[in-house]
Amino acid sequence: MRSIQFTILAIFFLIPIQLWADSIEIIDTKPKEKADYYPWITFLSKGPADLFTENMTFQVNRRAYRVVVLNDEIYTIVFIEETISGDEGCCVRIAFIRKLDLDQIYKKFGIFGEISSLKFIKWQSATSFEFSIHKRRFLLTDIGKKQVLGREL
C-alpha cells in the first residue's frame with residue numbers, strides 16, 4: 001500500500017519537475033528608447049562580434065551584443081544592447097536597447113524571491129549567454145530578437 005502511494009506521488013510531483021526543467025521558454029523583451037540608465041550599471045559584458053550583410057556599408061559591418069546589468073537597492077534590471085561598428089572599431093553606435101523581462105523568467109521557471117540575484121556567467125556565442133539566479137543556471141539564446149529563448153541548464 002505504501003509503495004502505491006509513493007508511486008502516485010512520484011507521478012504527480014517528480015516526473016513533471018524533470019519535464020519542466022528541460023523545457024525551453026520564450027521570454028519577452030521590451031524596447032528601451034532612451035539610454036538613461038548608465039549611472040546604475042553594476043555589470044556590462046560585450047559578446048563576440050559577428051559580420052552582417054544586410055545594409056552593409058564600407059564603414060559598418062560588425063554586430064555585437066552587450067548584456068547590461070543594473071542594480072538599485074532592491075531590484076536587478078537587465079538590458080540587451082545591439083552595437084554595430086566597422087573594421088577596427090570604427091563608427092560604433094548602439095542600434096537598439098531592449099529590457100529583459102525578468103518577471104517572466106521568474107514565473108516561467110518557478111523562481112521565488114526578490115529579483116536581485118542575477119549573475120552573468122559567460123557568453124556561449126554571439127547571440128547567447130549563461131547566467132544564474134539564486135544558484136540556478138540558465139541559457140538565453142537569440143538575444144538579437146524581440147523574444148529570446150531561455151532554458152534552465
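In this text, all values refer to a predicted model and were calculated from it rather than measured experimentally.
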Trace of the side-chain contact (heavy atoms from CB on, under 4.5 Å) decision for Arg62 with Asp50 = CA-CA 6 Å; Arg62 297 189 189 315; Asp50 61 354; over 6 Å; no
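- Connection of Val92 to Leu44 is not established within any shared hydrophobic cluster, with ILVMFWY side chains joined at heavy-atom distances below 4.5 Å, either directly or through further cluster members.
- Taken from NZ in Lys119 to CD in Glu130, the straight-line distance is 15.5 Å, to the nearest 0.5 Å.
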Hey, mind stepping through Ile94 and Arg66 against side-chain contact (heavy atoms from CB on, under 4.5 Å) and telling me if it holds?
-> CA-CA 10 Å; Ile94 296 175; Arg66 299 191 308 192; 3.4 Å; yes
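- In the hydrophobic clustering of this structure, Tyr75 groups with Leu118; members are Ile, Leu, Val, Met, Phe, Trp, Tyr whose side-chain heavy atoms approach within less than 4.5 Å, directly or through other members.
- Side-chain contact between Val148 and Thr29: present, with at least one pair of heavy atoms (C-beta onward) separated by less than 4.5 Å.
- Between Ile121 and Ser132 there is a side-chain heavy-atom pair separated by less than 4.5 Å.
- Atom-to-atom distance recorded for Arg63:CZ and Thr127:OG1 is 9.5 Å, nearest 0.5 angstrom.
- Taken from CG in Leu149 to CG in Leu139, the straight-line distance is 9.5 Å, to the nearest 0.5 Å.
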Verify side-chain contact (heavy atoms from CB on, under 4.5 Å) between Ile133 and Tyr106, making sure each step is shown before the conclusion.
-> CA-CA 9 Å; Ile133 297 176; Tyr106 271 61; 3.2 Å; yes
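- Counting heavy atoms from C-beta on, the side chains of Tyr65 and Phe96 come closer than 4.5 Å.
- With a 4.5 Å cut-off on side-chain heavy atoms, Asp28 and Lys146 do not count as touching.
- Taken from CD1 in Ile105 to CZ in Phe138, the straight-line distance is 8.0 Å, to the nearest 0.5 Å.
- Put simply, the side chain of His134 reaches to within 4.5 Å of the side chain of Ile111, judged on heavy atoms.
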Verdict with reasoning, Val78 to Leu70, per side-chain contact (heavy atoms from CB on, under 4.5 Å) | CA-CA 6 Å; Val78 176; Leu70 290 68; over 6 Å; no
For the pair Trp123 and Ser45, evaluate side chain to side chain donor-acceptor pair (under 3.5 Å) and give the outcome as yes or no after the intermediate values.
-> CA-CA 9 Å; Trp123 288 96; Ser45 179; 2.8 Å; yes
Residues Thr76, Asn71; criterion side chain to side chain donor-acceptor pair (under 3.5 Å); working and verdict = CA-CA 5 Å; Thr76 297; Asn71 289 301; 2.6 Å; yes
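- Of all heavy-atom pairs spanning Gly150 and Phe109, the tightest one is O-CZ, 3.5 Å.
- Between Phe43 and Val68, every side-chain heavy-atom pair lies at or beyond the 4.5 Å cut-off.
- Gln147 is not listed as a side-chain neighbour of Ile27, based on a closest heavy-atom distance of 4.5 Å or more.
- In plain terms, the two heavy atoms of Gly110 and Arg136 that are nearest each other are O-NH1, 3.5 Å.
- With rounding to the nearest 0.5 Å, the separation of CD1 in Ile143 from OG in Ser128 is 7.5 Å.
- The two residues Pro48 and Ala126 have their closest heavy-atom pair at O-CB, 3.4 Å.
- The existence of a salt bridge linking Arg137 and Glu152 is excluded, since no basic side-chain nitrogen approaches an acidic carboxylate oxygen closer than 4.0 Å.
- Taking both residues in full, the closest heavy atoms of Gln104 and Ile26 are given as OE1-O, 3.9 Å, listed atom of the first, atom of the second, then distance.
- Taking the charged nitrogens against the carboxylate oxygens, Arg151 and Glu25 have no contact shorter than 4.0 Å, which rules out a salt bridge.
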